[in-house]
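Below is a structure I'd like to ask you about.
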Amino acid sequence: MGRRGVLAAGAAAATLGLMVFATRSRSVPVPPPLAPLVEPLKVFHLGHSLVGPDMPHMLTQLAPEGHSYNSQLGSGTSLRAHWEPDEDILDFETANQPPAYRDAREAIGSGEYSAVVLTEMVELRDALKYFDAARYLGKWADLVRQSSPETRLYLYETWHRLDDPDGWLQRVERDLEALWTRQLLGADNRCNPQRPVYLIPGGQALAAVARAAEAGEIPGLASREALFARTPEGGLDTIHINDLGAYVVALTHYAVLYQRAPAGLPHQLARADGTPAEAFSPEAAARVQQIVWKTVRALPRTGLAAAGAPA
């Protein structure tokens, strides 16, 4: 290639880079508010271990009678791996047990669900860079749209490791707009303003509860680590939540999916295997419910008509 060809190729690459940057930097329209739902929902959860078996089961115990769900899960699984039939899903057999499991493509394609909740792998920066996360979110979202005109679409925002070198709270705060909204949701929601993907802000709610705990505002809860699980050896699991964390996330799903304040909901729940889950005290649970509702109401991408209004 001659000098002119090299210069032309360099200019084209620079132009493409600017186009990609401009696309990622464009604002993402806030989706229209959703009408509150009266009937119990049938929900499909697509994701990995930050969904897990217990959180959807807790949600069922919080929701109106008749709420039901199915799921397809894995360990650290990307939306691409769930979509592509030739890609392995780590821990597929152990993560997908009856009666919760249902094949994702068949389930979502059936159009039978009131809501589909998509979950992308973390580290999210890797999902975006190496696993084409935004494109595969669009593929799953389009399958929902093609299968049913009524099914509501959600993205479950999760979190990164507690020992993230950039700081756990700092990343939860910064990544919501920069990564989850602009890069992961952006392209799909700009193309589908009337059938967008709404947000279930699990990471935001968990971080808000952690801040309140560390400020001494939640009886019996003093640190963010108290929301996370322990390894078999007794050490801190820096990514997976325990029963208390799962309760926070289940409340967040309830508040967004049903568009109702979670105040007064039960706090003593069972795990998916039927054993009693560790529970907040009644006073702590009431405070956590307030924090979750305030968090959900502050974010208009949750679809609440009153989002952004004072709590």
Side-chain angles (χ1 to χ4, degrees), residues 39-122 127 131 133 136-137 139-148 150-158 197 200 202 229 232 237 239-243 245-247 249-254 256-258 269-277:
E39 299 298 322
L41 302 179
K42 183 175 183 179
V43 182
F44 192 85
H45 300 269
L46 180 66
H48 47 71
S49 58
L50 298 190
V51 179
D54 294 330
M55 186 279 292
H57 187 70
M58 288 185 176
L59 173 60
T60 300
Q61 297 165 78
L62 300 172
E65 185 176 357
H67 177 101
S68 64
Y69 72 94
N70 292 106
S71 61
Q72 180 174 299
L73 308 176
S75 292
T77 310
S78 67
L79 290 174
R80 186 182 80 178
H82 279 300
W83 181 270
E84 297 293 349
D86 295 332
E87 291 208 17
D88 290 332
I89 295 177
L90 183 63
D91 295 328
F92 184 90
E93 297 299 330
T94 56
N96 296 293
Q97 297 291 326
Y101 170 68
R102 187 177 178 186
D103 176 79
R105 194 183 291 268
E106 187 273 331
I108 293 173
S110 73
E112 297 173 6
Y113 291 85
S114 316
V116 171
V117 182
L118 305 173
T119 315
E120 185 51 280
M121 62 167 277
V122 288
F131 296 90
Y136 280 93
L137 179 136
K139 286 180 178 289
W140 283 111
D142 283 342
L143 179 59
V144 174
R145 296 181 185 112
Q146 293 159 11
S147 303
S148 167
E150 304 297 332
T151 303
R152 294 180 174 185
L153 261 163
Y154 295 90
L155 171 68
Y156 165 28
E157 175 235 4
T158 58
V197 180
I200 297 178
D237 184 328
I239 189 67
H240 297 104
I241 48 178
N242 60 17
D243 292 343
Y247 182 73
V249 175
L251 287 174
T252 309
H253 277 69
Y254 171 91
V256 174
L257 293 172
Y258 284 98
L269 306 178
R271 304 183 185 102
D273 65 4
T275 59

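Values below: every heavy atom of this structure, side chains too, minus hydrogens, waters and symmetry copies.
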Query - Under the salt bridge (charged side-chain N to carboxylate O under 4.0 Å, His left out) test, residues paired with R105 that sit two or more places apart - result: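 For R105 there are no salt bridge (charged side-chain N to carboxylate O under 4.0 Å, His left out) partners, ignoring immediate neighbours.
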Query raised in the report: Of H48, H253, H45, which meets ring-ring contact (aromatic ring centres under 6.0 Å, His included) against Y156?
Result: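 It is H253; the other options fail the test.
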Query raised in the report: What distance separates Y101 OH from N70 CG, expressed to the nearest 0.5 Å?
Result: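 These two atoms lie 10.5 Å from each other.
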Query - Considering all heavy atoms, the nearest P64-Y254 contact - result: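 Between these two residues, the closest heavy atoms are CD-CE1, 4.4 Å.
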Query - side chain to side chain donor-acceptor pair (under 3.5 Å) involving T60 - partner list, sequence neighbours excluded - result: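 Scan of T60 (side chain to side chain donor-acceptor pair (under 3.5 Å), adjacent residues dropped) gives none.
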Report task. Please test Y69 against K42 for side chain to side chain contact (heavy atoms under 4.5 Å, CB included), starting from the C-alpha separation and ending with a verdict. Result -> CA-CA 5 Å; Y69 72 94; K42 183 175 183 179; over 6 Å; no
Report task. For side chain to side chain contact (heavy atoms under 4.5 Å, CB included), just list the numbers for L41 and R152, CA-CA rounded to whole Å, side-chain angles, deciding distance to a tenth of an Å, and then say yes or no. Result -> CA-CA 10 Å; L41 302 179; R152 294 180 174 185; over 6 Å; no
Query - Residues I239, V122; criterion side chain to side chain contact (heavy atoms under 4.5 Å, CB included); working and verdict - result: CA-CA 10 Å; I239 189 67; V122 288; 4.3 Å; yes
Query raised in the report: Checking Q97 side chain against E93 main chain: does a donor-acceptor pair fall under 3.5 Å?
Result: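 It does hold such a pair.
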Query - Qualifying residue for side chain to side chain donor-acceptor pair (under 3.5 Å) with Y136, from R80, H82, E84 - result: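 That would be E84; it is the only one of R80, H82, E84 passing the side chain to side chain donor-acceptor pair (under 3.5 Å) with Y136.
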Query raised in the report: Would you say V117 and V43 make side-chain contact, with heavy atoms under 4.5 Å?
Result: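 V117 reaches V43 side chain to side chain.
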Query - Closest heavy-atom pair and its distance - P40, S114 - result: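 Here P40 and S114 meet closest at O-OG, 4.5 Å.
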Query raised in the report: When N96 is tested against each of D103, D91, L73 for side chain to side chain contact (heavy atoms under 4.5 Å, CB included), which residue passes?
Result: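 Per the side chain to side chain contact (heavy atoms under 4.5 Å, CB included) rule, the option paired with N96 is L73, out of D103, D91, L73.
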**Report entry** Student check: side-chain heavy atoms of L153 and R145 closer than 4.5 Å
**Finding:**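 They are in contact (side-chain heavy atoms under 4.5 Å apart), so the answer is yes.
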Query raised in the report: How long is the gap from OG on S71 to CE on M55, to the nearest 0.5 Å?
Result: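 The OG atom of S71 sits 9.5 Å away from the CE atom of M55.
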Requested in this report: Check step by step if side chain to side chain contact (heavy atoms under 4.5 Å, CB included) holds for Q72 and T77.
Outcome: CA-CA 10 Å; Q72 180 174 299; T77 310; over 6 Å; no
Report task. Return the minimal non-hydrogen interatomic distance between A127 and E120, and the atom names on each side. Result ->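 For A127 and E120, the tightest heavy-atom pair comes out as CB-CG, 3.8 Å.
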Requested in this report: Write down the atom of A104, the atom of W140, and the distance for their closest heavy-atom approach.
Outcome: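 Closest approach of A104 to W140: CB-CH2, 3.8 Å.
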Query raised in the report: Below 4.0 angstrom, N of the basic side chain to O of the carboxylate: do K139 and D142 qualify?
Result: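 Result for this pair is no, no salt bridge flagged.
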Query raised in the report: So, Q61 side chain and A270 main chain: donor-acceptor pair closer than 3.5 Å or not?
Result: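 A pair under 3.5 Å: yes.
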Query raised in the report: What distance do L118 atom CG and I108 atom CD1 have between them, rounded to the nearest 0.5 Å?
Result: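 The CD1 atom of I108 is 6.0 Å from CG of L118, to the nearest 0.5 Å.
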Requested in this report: Can you measure from OG (S68) to CD (E112) and round to the nearest 0.5 angstrom?
Outcome: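 Between S68 OG and E112 CD, I get 10.0 Å after rounding to 0.5 Å.
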Report task. Would you indicate whether the side-chain heavy atoms of L143 and W83 approach each other to under 4.5 Å? Result ->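 SC-SC contact between W83 and L143 confirmed.
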Query raised in the report: Any side-chain heavy atom of S110 sitting closer than 4.5 Å to one from R102?
Result: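 Side chain of S110 against side chain of R102, heavy atoms only: contact under 4.5 Å found.
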**Report entry** L257 and I200, any side-chain heavy atoms less than 4.5 Å apart
**Finding:**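 Yes, close enough: below the 4.5 Å cut-off.
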Report task. Keeping the roles fixed (side chain from T151, backbone from Y113), state whether a donor-acceptor pair exists under 3.5 Å. Result ->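 Yes; judged by distance alone, with no hydrogens or angles, the pair exists.
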Requested in this report: Identify the two heavy atoms, one from M121 and one from S78, that lie closest to each other, and give their separation to 0.1 Å.
Outcome: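 Closest approach of M121 to S78: SD-CB, 3.7 Å.
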Query - D273, CG: over 12 other non-hydrogen atoms inside 6.0 angstrom - result: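 More than 12 within 6.0 Å, yes.
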Report task. Could you tell me whether the side chain of F131 reaches within less than 4.5 Å of the side chain of L79, counting heavy atoms only? Result ->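 No. Closest side-chain heavy atoms not under 4.5 Å.
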